[in-house]
Amino acid sequence: MNVIVIGGGGREHAIIRQLRKNPTVETIWALPGNGGIALDATCVAISATDVPGIIEFAKTHDVGFAIVTPDDPLCLGVVDELAAIGVPAFGPSKAAARIEGSKAFAKDLMRRHGIPTAAYAVYDDADAALAAVMTCPIPVVVKADGLALGKGVTVAMTRDDAVAAVREAMVDGRFGVAGARVVIEEFMTGVEASCLLLTDGTNYKLLPAAMDHKRALDGDQGPNTGGMGSIAPHPLMTPELIARVEAEIIVPTLAALRDEGCPFTGCLYAGLMLTPDGPKVVEFNCRFGDPETQAVLALLDCDLLTALQATTNHTLASTPLSFRDGAAACVVLASGGYPGHYETGYPVTGWEAAAKIADVDFAGVAAKDGQLVTSGGRVLGVTATAPSLAEAIDRAYQGTDLIHFDGAYRRSDIGRAVL
Ligand code: AMP
Ligand code: GLY
């Protein structure tokens, strides 16, 4: 079977490396992939948001299955369009993807169904939102309703920051239409956890809970990034806590989406805060997380394609999904300056040696004159597994030590704070 994978980051590379283990998989096309993914798949220069281009490619090639992982094409409805031309596609429908595409939709759904999350209000009017942040308790969190490349959330530690965040979104139009509506919500405290699951709409199977590291610098300092590293399983997610999350959050959310006419299929990602009052939802994503996926899939002990197909075939209940014991850690190497301004085009060396002791998943790299050069903020991730989390972390760092490009930076405390 030939498979297309839509996207071009470390998450997609990790998925593609799993697909290659399946002997029935013939060609893997990555749309658009990247220069490092090209080592493991055939990259096609069609962007992940070019829905007409994706559909045309699928119509003119013998595609047996499609895997859609980035948020934008899911929210644009590419899974529905692929299904309409007879190509089964992993991922939610456009209607179900609203759980990520509209924070107001997700919050209202949670309120209607009693799913624990921060208290909030939704505003379409800038004056009303500004009046709200003038009197609310501080800190407060201001969120653009729509997709904003991960930049739409401001955790405002002062009233001035909250006012500025509302103005940026609703008056200055920094996020375009995505910020015309904002959600203002209660600030929660606690450790965060990423709970990912596969579902065919009715049945679901959990992946090991993971932990992302969103801030750029050690000690959770600095600006938010796309994710600087991850570990799995999450050390604080005990079997008792996982059972509570299933009962209070996962089961009611999947039922709510079914009841409201948009059953979810694919990977549902519940971003949780483990608050003193119990686990609460920070956000839902309608897809695999990056870099959580790199750590989680490193522990996978079954065929990924079969498991993903079970979500579209509605056969998840009878399909095994198993993971190895032990732990995994992913450490991201980023371009100096990221998530702010950074330079690109620097040669990436040493990754062949790193790949002998760990998985190297490429994200922001391009192929140029027969070598890999940097082309993005998050350049690559190195993921290692070991019997213990401490060993997995050490090995992932040993892998990154072998890789070089000018300006490379990484956090030095991935997974270590929680140990
Ligand atoms: P999101 O884009 O919704 O994942 O938000 C980005 C980050 O903002 C989260 O990972 C949290 O660290 C933080 N955040 C979002 N909502 C809240 C909240 N209600 N309370 C505290 N932190 C939050
Ligand atoms: N790791 C966070 C995300 O994928 O959105």
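Start at 1 and go down the list; that is how both ligands and their atoms are numbered.
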Short list, please: which atoms of ligand 2 are under 4.0 Å from a heavy atom of [X]?
X: Arg287; value: 3 (C), 4 (O), 5 (O)
X: Glu292; value: 1 (N), 2 (C)
X: Gly289; value: 4 (O)
X: Asp212; value: 1 (N), 2 (C)

Looking at Lys214, which atoms of ligand 1 are within less than 4.0 Å of one of its heavy atoms?
->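 Within the 4.0 Å cut-off of Lys214, ligand 1 contributes 4 (O), 10 (O).
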Can you find an N or O of Val155 that's nearer than 3.5 Å to an N or O of ligand 1?
->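 No, there is no polar N/O contact under 3.5 Å.
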Taking both backbone and side-chain atoms of Glu283, is any N or O found less than 3.5 Å from an N or O belonging to ligand 1?
->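 Among all N and O atoms of Glu283, at least one is under 3.5 Å from an N or O of ligand 1.
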Can you label the angle between the His13 ring and the Phe362 ring as parallel, tilted or perpendicular, going by 30° and 60°?
->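 It falls in the parallel class, under 30°.
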Taking non-hydrogen atoms only, is Asp212 closer than 4.0 angstrom to ligand 1 via side chain, backbone, both or neither?
->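 Under 4.0 Å from ligand 1, Asp212 contributes no heavy atoms.
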Between Glu186 and ligand 1, which part of the residue brings a heavy atom under 4.0 Å of the ligand: side chain, backbone, both or neither?
->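 The answer is the backbone of Glu186.
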Is ligand 2 under 4.0 Å from a heavy atom in the side chain of Phe288, in the backbone, in both, or in neither?
->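 No part of Phe288 is near ligand 2 at this cut-off.
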Arg324/Asp301 salt bridge by N-O under 4.0 Å criterion |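 Yes.
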